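Quick notes on the structure that follows.
We count ligands from 1, going down the list as the structure has it; atoms in each ligand are counted the same way. Model, not experiment: these values are computed from the prediction. Values reported hereafter were calculated over all heavy atoms of this structure, with side chains retained and with hydrogens, waters and symmetry mates removed.
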Amino acid sequence: MRRVLVAGNWKMNGSKAANVDLITGLKAGLGDIGDTEVAVCPPFIYLSSVAEMLDGTGAAWGSQNIAVPESGAYTGETSGSMLNDFGCTYAIVGHSERRALYGETDQLVAEKYAAAHRAGIQPILCVGETLEEREGGITTEVVARQLDAVLSLEGVESLNEAVIAYEPVWAIGTGKTATGDQAQEVHAFIRSKVAEQSADVAKGVRILYGGSVKGANAAELFAMEDIDGGLIGGASLDAAEFLKICSAGS
Ligand code: PEP
């Protein structure tokens, strides 16, 4: 049985005051969301204060990025061992915004995935197609390519300590959610692709859906056989909405 995970990607949002409000709101409702696992991924500068606020709640936290090297002359970077110093559970790698805005290639994403593993942090590997790619009929080709980069560097067994997030780029921050059936089709494809290398790993790996998930559509998505929770952007900044999504997973 795969435990549902709902992870909030705050992106470059938040402030000291807003974070206190958001975490206070979350803490008030975490007892009412059943067995769903919850994680939040704030900007780097707020990670340790959010970690302190979450202490004892059972909610996990993660970073939105991770450096490939472990230390040294890499101005502006943050390594896995530094994250681990604070008890980091997850690191998002390969988010479409980093691929599109910061030129992250499949190879670099795979190296970041490997860096997270080296530090004992579970990567949340984002994959997904653009609108143009979907309309061109190459969704599965794109997703397979993104996944293969990681599998060939780290091997299928690495997915025992990782999470995959299918995030169609056309659905991120646009208000256009994939339907349950549209998402399920790609999730089933991803699981079958993993199963080609290991049926056991495929059975256990959690595949989250991301792209304009809200309290109102989460239940339909999470009811799908191969959808094991969500990676939530905008709606994770509103405690009540995020908790509604978490409840939909229980
Ligand atoms: C995301 O950025 O990972 C995301 C899914 O964003 P949103 O929920 O705002 O579409």
Side-chain angles (χ1 to χ4, degrees), residues 4-14 18-19 22 25-26 36-44 46-47 50 59-66 89-102 104 109 112-113 116 122-131 133-134 139 142-143 146-147 150 162-180 182-184 186-187 190 206-222 224 226-249:
V4 170
L5 168 63
V6 175
N9 172 15
W10 291 8
K11 310 194 190 196
M12 198 172 72
N13 293 296
N19 299 349
L22 181 48
L26 282 184
T36 302
E37 181 187 348
V38 177
V40 295
C41 301
F44 276 103
Y46 299 126
L47 283 174
V50 167
W61 60 272
S63 65
Q64 299 173 18
N65 191 15
I66 186 168
T89 303
Y90 297 107
I92 298 173
V93 299
H95 191 280
S96 62
E97 286 153 15
R98 296 215 57 91
R99 291 180 191 263
L101 303 174
Y102 302 100
E104 294 197 3
V109 171
K112 290 188 171 194
Y113 175 100
Q122 290 205 30
I124 299 178
L125 170 68
C126 300
V127 297
E129 81 289 1
T130 62
L131 184 59
E133 289 163 340
R134 173 161 281 261
T139 295
V142 169
V143 168
Q146 294 169 334
L147 194 57
V150 164
V163 175
I164 299 171
Y166 168 57
E167 297 209 309
V169 180
W170 49 270
I172 295 180
T174 59
K176 283 189 208 151
T177 321
T179 62
Q182 270 176 326
Q184 167 59 25
V186 183
H187 281 235
I190 293 170
R206 291 185 291 186
I207 308 175
L208 312 185
Y209 168 79
S212 299
V213 179
K214 306 264 183 299
N217 57 24
E220 182 206 341
L221 289 157
F222 298 171
M224 294 290 150
D226 291 295
I227 300 183
D228 307 309
L231 181 56
I232 317 301
S236 71
L237 299 171
D238 178 322
E241 192 67 19
F242 189 61
L243 287 165
K244 246 189 246 169
I245 297 170
C246 295
S247 298

What's the shortest distance from [atom] to any protein heavy atom, and which residue and atom give it?
{"atom": "atom 9 (O) of ligand 1", "value": "Gly234 N, 2.8 Å"}
{"atom": "atom 8 (O) of ligand 1", "value": "Gly233 N, 2.8 Å"}
{"atom": "atom 5 (C) of ligand 1", "value": "Glu167 OE2, 3.1 Å"}

* To do: Using non-hydrogen atoms of the residue, decide whether Ala235 is closer than 4.0 angstrom to ligand 1.
  => no

* Does Ala165 come within less than 4.0 Å of ligand 1, judged by its heavy atoms? -> no

Where ligand 1 meets [X] - atom numbers and elements under 4.0 angstrom, heavy-atom basis:
{"X": "Ala171", "value": "10 (O)"}
{"X": "Gly211", "value": "5 (C), 10 (O)"}
{"X": "Gly173", "value": "7 (P), 9 (O), 10 (O)"}
{"X": "His95", "value": "1 (C), 2 (O), 3 (O)"}
{"X": "Asn9", "value": "1 (C), 2 (O), 3 (O)"}

* Atom pair CD1/OG1 of Ile172 and Thr177 - distance to nearest 0.5 Å -> 11.5 Å

Side chain to side chain, [X] and [Y], heavy atoms closer than 4.5 Å:
{"X": "Tyr166", "Y": "Ile227", "value": "no"}
{"X": "Leu125", "Y": "Leu147", "value": "yes"}
{"X": "Val93", "Y": "Ile66", "value": "yes"}

* Asked: Under 3.5 Å, is there a donor-acceptor pair between the Gln182 and Tyr209 side chains?
  -> no

* Judged by modelled atom types alone, do Gln64 and Trp10 share a side-chain donor-acceptor pair under 3.5 Å? -> no

* Taking NZ, NE, NH1 and NH2 as the nitrogens, is one of them in Glu241 or Lys214 under 4.0 Å from a carboxylate oxygen of the other? -> no

